[in-house]
Amino acid sequence: MKRFFTPATKTAEALPLPEKRRTTALEWASVIAVFTLTFAFRWPFLAESFWIDELHTAWCVADGWDEVAPRAKMGNQQPLYFWALWAWQQIPWPEPWASYPVEVLPRITSLWSVSLSAALIVWGSLRFHGSLPAALVAGLAMAIDRQAAFFGVELRPYAAVILGSTLAIGFAARIWASASINQNRDWIGLHASVIFATLMQITSLITLVPLVIAVAAKDLNDSRRDSGQTKRKLWRHGGWLAAWVLMGLFLSSDQHEIWDRREAWSSFGRPSSLFAFWQIWPWLGWTLIPTSVAVVCFALSHATADSTARNISQSPNGHQKDCSETSFVRDPTTSFTILLLTVLSVSTVLAFFLSEFGGVPIWQRRYLIAGLPLGCISLGGWTATLRHRLRYRLLVPLIAIPSFIAIAWSQNSIHPSVAKYWVYRGEDWRTAFHQLADLIETDDSNQTDVIQQHVWIDGDLIEQPAITGRVTDVELATYLTLPARGPYSPDKDASPSNHANLHALGSLAPMDGWQQAIQSSGLDEPNAKHWFLSRSLPVNQRKPRLLDERDIEFHGQFGKVFLYSQSSHFESSPNSKSPSED
């Protein structure tokens, strides 16, 4: 039986791409506004001290070009991002850029990548479904996302992965909405975007390969009734498959070297329980709330339409049918949104099983970060599925506001101190080393003999081998002592006589390891002073009683970084304070 519907008025913003050729001034202003908002939300956090993983990036680009790739591989990273960052560092920046804190210019590359991703999400969504409110919902989801904020100001390649994933989704959407065979540029763009994200971080393939496979399967299915077109598409996809196989063979030797130390990740790269699946992404805000609202709205609209259809079918003009009331599944926006959420779920399940049972401990959000744009775009997609409904402008807040609140709640962004701790690294190496430099200078000025200053650094690098005492691996020790030699060197404003000897410590029982290293290295001399900087020192190793017994002075806590000293040429200061046991 035929069903008839009352015609609904199409607004200008609801027109799909074929009917809407131009982007209006208001829409361009919205794209620029989202870019600016994303940039502004993250700008205040650019000057925070590097944390230990960012110090690895700083170490990779600290010296010559030949050192970049080997150091990147040592940190289980592909070298392309680090080569680009090294070249960026060689630019002679004029004032006031050159006078910014040392962290700002390197990190701004990540900030631009994520801000551009948010802008592209708005622009691409407009080009795909034509709804400005829905496009803004998707872009703002990226702008307020705390994970996108952290990776967006982090000196690591994951912001570039987010950008590559955003581009790949954009090209996939263009292919998804059209059954035409003349889409070579879009296919080139899709595969090039995936290759770019892969060269930034190979774990991007866990998310983006299912996306490419699904789009290719749909492309072949669209031409199933035309054997000639099917053959041409098979040749095209076969060619891309061959190209990927060749690329995999080309990269295989390097990838084996890069991933050779993955057994060291077993302590943190595996899910602790099934609940970890729920915690990895804000599923409530990305999926449950928008999907439920969209389905309820479609159900109510369909019930109303059925009731109206029965009345109209009895009238002389009952032949009218609303072409805008398309099937819930046949609507390209709806089907593409379902695709994105399916890909996101499949990639997360795949990562869970690889980490738990496959011997590849990659259960960390950084390795799945290519999925972040999928979640944000799908949120806007669910909003856009209602674009032909009456009172659409009232339905948008019904999806957006609860979803944004759920995302912020799941990421602990709803807190009075969020303005200060929204992006929180908690490792104030800069202040710690400035304090150390002042203490060394004061100590030297109060002594007649030359003091041998030794600085021992425990970076608490979870990927490093579990060792106690001094780090003997020269490259690893060079990396872990970078804060004292590089951006936060205590010798920058000190005289040459205050030069400190640098040593790295293993993170297994760091306080005990420090004591053992001093004795075993033969550096425990009467005119020597030993400083100890530890990241995330266990609470049971910083008790006042324990420090008093060992004649150790505590000089302050700088976020997660603790500073201690021990010497044998003078008595401990009676005013020394002990660290908090919180």
Side-chain angles (χ1 to χ4, degrees), residues 49-91 102-103 105-110 113 151 153-161 196-204 250-265 268-269 362 364 366-367 369 425 427 429-430 433 455-467 470-489 502-507 533 535:
S49 294
F50 291 134
W51 74 293
I52 193 68
D53 281 10
E54 290 178 295
L55 286 168
H56 170 261
T57 304
W59 174 57
C60 288
V61 300
D63 297 310
W65 173 271
D66 294 339
E67 300 289 340
V68 175
R71 292 179 177 182
K73 291 177 182 179
M74 184 179 171
N76 308 110
Q77 299 285 347
Q78 285 97 328
L80 179 61
Y81 166 79
F82 300 90
W83 281 330
L85 188 61
W86 185 92
W88 176 265
Q89 297 254 99
Q90 310 310 308
I91 299 175
V102 68
E103 302 89 354
L105 283 175
R107 277 185 179 148
I108 206 170
T109 56
S110 295
S113 294
F151 291 110
V153 290
E154 187 187 37
L155 191 63
R156 304 189 82 199
Y158 303 112
V161 172
F196 171 77
T198 302
L199 293 177
M200 293 293 107
Q201 175 55 247
I202 195 170
T203 53
S204 306
F250 178 73
L251 295 176
S252 59
S253 59
D254 284 342
Q255 292 303 320
H256 176 75
E257 183 180 352
I258 290 170
W259 287 71
D260 191 45
R261 302 190 183 192
R262 65 180 179 271
E263 68 278 356
W265 308 350
F268 71 97
I362 56 171
Q364 278 279 317
R366 71 184 80 163
Y367 301 128
I369 200 61
R425 299 174 183 87
E427 298 179 21
W429 293 97
R430 183 198 297 115
F433 277 105
V455 177
W456 301 79
I457 300 177
D458 160 41
D460 189 30
L461 182 65
I462 55 181
E463 293 95 337
Q464 78 178 63
I467 59 175
R470 193 174 186 176
V471 175
T472 57
D473 186 315
V474 177
E475 288 296 316
L476 182 59
T478 305
Y479 160 35
L480 293 176
T481 57
L482 176 71
R485 295 178 295 100
Y488 311 128
S489 171
L502 304 177
H503 314 280
L505 287 167
S507 294
L533 276 158
R535 172 181 176 260

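No experiment lies behind these values; they were computed from the predicted model shown.
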Q: Please report the shortest heavy-atom distance between Arg470 and Leu505, naming the atom on each side.
A: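 What the structure gives for the nearest pair is N-CD2, 4.0 Å.
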
Q: Could you go step by step and tell me if His503 and Thr481 meet the side chain to side chain contact (heavy atoms under 4.5 Å, CB included) rule?
A: CA-CA 7 Å; His503 314 280; Thr481 57; 5.8 Å; no

Q: Is any side-chain heavy atom of Tyr479 closer than 4.5 Å to one of Val471?
A: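 Side chain of Val471 against side chain of Tyr479, heavy atoms only: no contact under 4.5 Å found.
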
Q: So which heavy atom on Leu80 is nearest to which on Leu199, and how close?
A: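 In this case the closest contact between Leu80 and Leu199 is CD2-CB, 3.7 Å.
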
Q: Salt bridge between Arg535 and Asp458, side-chain N to carboxylate O under 4.0 Å?
A: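 A salt bridge is absent here (no side-chain N lies under 4.0 Å from a carboxylate O).
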
Q: If you define the side chain from C-beta out and look only at heavy atoms, does anything of Val61 sit under 4.5 Å from Arg71?
A: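 In short, these two side chains do not touch, never coming nearer than 4.5 Å.
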
Q: With side chain to side chain contact (heavy atoms under 4.5 Å, CB included) as the test, would you mind laying out the steps for Gln78 and Gln201 before giving the verdict?
A: CA-CA 7 Å; Gln78 285 97 328; Gln201 175 55 247; 4.3 Å; yes

Q: Looking only at non-hydrogen atoms, find the nearest pair between Gly459 and Ile52 and report the distance.
A: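 The answer is O-CG1, 3.7 Å.
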
Q: Salt bridge check: are Arg425 and Glu154 linked by an N-O gap of less than 4.0 Å?
A: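 So Arg425 does not pair with Glu154 through a salt bridge.
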
Q: With a 3.5 Å distance limit and no angle check, can you tell me whether Glu54 reaches the backbone of Leu155 through a side-chain donor-acceptor pair?
A: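 Indeed, once roles are kept as given, a pair shorter than 3.5 Å links the two residues.
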
Q: Has the side chain of Tyr488 got a donor or acceptor atom that lies under 3.5 Å from a matching backbone atom of Leu482?
A: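 Here the side-chain-to-backbone pair does not exist.
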
Q: Check the pair Leu55, Glu427 against side chain to side chain contact (heavy atoms under 4.5 Å, CB included), reporting the backbone distance first and the verdict last.
A: CA-CA 11 Å; Leu55 286 168; Glu427 298 179 21; 5.7 Å; no

Q: Taking all non-hydrogen atoms of both residues, which atom of Ile457 and which atom of Phe433 are closest, and how far apart?
A: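 So the minimum-distance heavy-atom pair works out to CD1-CZ, 3.8 Å.
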
Q: Evaluate the side-chain proximity of Pro157 to Gln77: yes if any heavy-atom separation is below 4.5 Å, no if none is.
A: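 In short, these two side chains touch, coming nearer than 4.5 Å.
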
Q: Donor-acceptor pair, His56 side chain versus Arg156 backbone, under 3.5 Å?
A: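 Checking the backbone N and O of Arg156 against the side chain of His56, no donor-acceptor pair under 3.5 Å is found.
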
Q: Pair Leu476, Met74 - check side chain to side chain contact (heavy atoms under 4.5 Å, CB included), show working.
A: CA-CA 9 Å; Leu476 182 59; Met74 184 179 171; 3.7 Å; yes

Q: Before we go on, tell me: are the rings of Trp429 and Trp51 under 6.0 Å apart, centre to centre?
A: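 Aromatic pair excluded; centres sit 6.0 Å or further apart.
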
Q: When you measure from the side chain of Ser110 to the backbone of Ala159, do you find a donor-acceptor pair of N or O atoms at a distance under 3.5 Å?
A: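 It does not hold such a pair.
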
Q: Are a donor atom and an acceptor atom from the side chains of Glu67 and Trp59 found within less than 3.5 Å of each other?
A: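 The criterion, which ignores hydrogens and geometry beyond distance, is not satisfied for Trp59 and Glu67.
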
Q: Within the side chain of Ser49, is there an N or O that forms a donor-acceptor pair under 3.5 Å with the backbone of Arg430?
A: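 Pair found, side chain donor or acceptor close to backbone of Arg430.
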
Q: I'd like to know if the side chain of Gln90 reaches the main chain of Trp86, judged simply by a donor and an acceptor atom lying under 3.5 Å from each other, with no hydrogens or angles considered.
A: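 Yes, because the side chain of Gln90 sits within donor-acceptor range (under 3.5 Å) of the backbone of Trp86.
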
Q: Between the main-chain N or O of Thr109 and the side-chain N or O of Ser113, is there a donor-acceptor pair closer than 3.5 Å?
A: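 Checked: pair present.
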
